[in-house]
Amino acid sequence: MVKCDAIIFDMDGILLDTETMCRRTWMQICDEWKLGTHQKMEETFKKAIGCSRSDTAEILESTYKPLKSSFNGIEFLDLAREYFYKLEQTEGIGLMFYAKECLQQLSSHYTIALASSTRGELVLRQLKEAGLYDYIKTFTTGDMVEHSKPDPEIYIKACKSVGAKPENSIGVEDSFNGVRSAYSAGLKTVMIPDQLQPTEEISRMYWNKFDNLKEFCDFMLNK
């Protein structure tokens with residue numbers, strides 16, 4: 001097995017398939033508010049992946065306020081949250097491929113922690129409903145830090161929460177800001193792309209890249 005103090009996972013786009021659902025809500029609002037093409041909204045959505053709520057609102061407003069003066073990024077996100085909740089109630093949130101199996105296997109050999117920009121109440125509820133909660137030792141969430149990803153604060157706190165040294169820990173991320181955060185905190189950073197493929201900048205930051213959690217799990221267990 002690979003030697004490390006802890007494996008710290010992001011949640012959205014790594015363990016839970018929330019990014020796909022979020023994207024659907026954005027496209028629905030794009031149509032309802034007549035904001036233009038799905039392609040433009042797709043580009044905006046990708047810019048916002050891994051960003052805090054306030055940063056996401058700014059990204060939305062920088063794109064759409066010049067086109068529609070009444071556009072409000074927070075109102076957009078509030079409506080997207082409402083639509084997301086309806087999808088969650090009717091369809092449930094899907095797991096990323098091999099998420100449960102990965103946590104089951106790795107938690108028998110490694111300390112598992114979470115570092116998610118999502119607020120704690122939502123993180124705990126969604127992970128419990130997904131059957132993943134019991135495999136994770138500590139949860140460091142967006143409402144526990146002053147500075148969100150790409151700032152390293154959340155990963156530094158996550159390491160402290162399990163008594164792990166960052167340089168001996170592994171951070172597992174799908175977003176650019178997540179990779180930047182874990183890398184800046186000094187962790188060995190693994191990228192498992194979801195909505196975004198790594199750029200040259202991001203490729204220089206990660207320690208390793210895998211197509212899915214099964215590949216990562218097999219690597220960590222040296223199968």
Q) Do the ring planes of F210 and F219 sit parallel (below 30°), tilted (30 to 60°) or perpendicular (above 60°)? A) tilted
Q. How are the rings of F71 and Y64 set relative to one another: parallel (under 30°), tilted (30 to 60°) or perpendicular (over 60°)?
A. tilted
Q: Scan side-chain atoms only and decide if Q105 and E101 contain a donor-acceptor pair under the 3.5 Å cut-off.
A: no
Given the rule that I, L, V, M, F, W and Y join up when any side-chain heavy atoms are under 4.5 Å apart, are [X] and [Y] in one cluster?
| X | Y | value |
| --- | --- | --- |
| I136 | F9 | yes |
| L114 | Y98 | yes |
| V2 | Y206 | no |
| Y133 | L16 | yes |
| I49 | I202 | yes |

Any side-chain heavy atom of [X] within less than 4.5 Å of one from [Y]?
| X | Y | answer |
| --- | --- | --- |
| I112 | K137 | no |
| Y85 | R81 | no |
| N208 | F216 | no |
| K149 | E173 | yes |
| T44 | L60 | yes |
| Q126 | M11 | yes |
| I170 | M220 | yes |
| I192 | M96 | no |

In Å, rounded to the nearest 0.5 Å, how long is the span from [atom1] of [X] to [atom2] of [Y]?
| X | Y | atom1 | atom2 | result |
| --- | --- | --- | --- | --- |
| E75 | E61 | CD | CD | 9.0 Å |
| T56 | I74 | OG1 | CD1 | 9.0 Å |
| D174 | D12 | CG | CG | 8.0 Å |
| D218 | L213 | CG | CG | 11.0 Å |
| S184 | Y155 | OG | OH | 11.5 Å |
| D143 | L122 | CG | CG | 10.0 Å |

For [X] against [Y], the heavy-atom pair lying closest together:
| X | Y | result |
| --- | --- | --- |
| A6 | V162 | CB-CG2, 4.0 Å |
| T140 | A158 | OG1-CA, 3.4 Å |
| F176 | Q197 | CZ-O, 3.2 Å |
| M21 | G92 | SD-O, 3.8 Å |
| G171 | L187 | N-CD2, 3.7 Å |
| C102 | C217 | SG-CB, 3.8 Å |

Q: Flag the pair E42 and R23 as a salt bridge only when some basic side-chain nitrogen lies within less than 4.0 angstrom of an acidic carboxylate oxygen.
A: yes
Q) Ion pair present between R204 and E200, side-chain N to carboxylate O less than 4.0 angstrom? A) yes
[X] atom [atom1], neighbour heavy-atom count above 12 within 6.0 Å:
| X | atom1 | result |
| --- | --- | --- |
| Y183 | OH | no |
| E121 | CD | no |
| F97 | CZ | yes |
| K160 | NZ | no |
| K68 | NZ | yes |
| Q89 | CD | yes |
| E201 | CD | yes |
| K47 | NZ | no |

Q: Run the ring-centre check on F76 versus W33 and record whether the distance is less than 6.0 Å.
A: yes
Q.
Just checking W26 against Y83, ring centres under 6.0 Å apart?
A. no
Is the backbone N or O of [Y] less than 3.5 Å from a side-chain atom of [X], with the two atoms forming a donor-acceptor pair by type?
| X | Y | answer |
| --- | --- | --- |
| S181 | G178 | no |
| E19 | G13 | no |
| K65 | S70 | no |
| D5 | K165 | yes |
| K40 | T63 | no |
| K157 | M144 | yes |

Q: Give the intermediate values and the outcome of side-chain contact (heavy atoms from CB on, under 4.5 Å) for residues L15 and L103.
A: CA-CA 9 Å; L15 299 176; L103 292 185; 4.1 Å; yes
Q | Test log, rule side-chain contact (heavy atoms from CB on, under 4.5 Å), inputs R53 and R119 | A | CA-CA 10 Å; R53 177 176 167 85; R119 69 187 189 279; over 6 Å; no
(Q) Is there a side-chain contact (heavy atoms from CB on, under 4.5 Å) between K46 and L196? Walk through the geometry before answering. (A) CA-CA 7 Å; K46 287 183 176 179; L196 302 170; 3.6 Å; yes
Q: Verify side-chain contact (heavy atoms from CB on, under 4.5 Å) between S148 and I154, making sure each step is shown before the conclusion.
A: CA-CA 7 Å; S148 60; I154 194 166; over 6 Å; no
Q. Are D10 and S175 close enough, and set up right, to give a side chain to side chain donor-acceptor pair (under 3.5 Å), and what steps lead you there?
A. CA-CA 9 Å; D10 177 40; S175 73; 5.3 Å; no
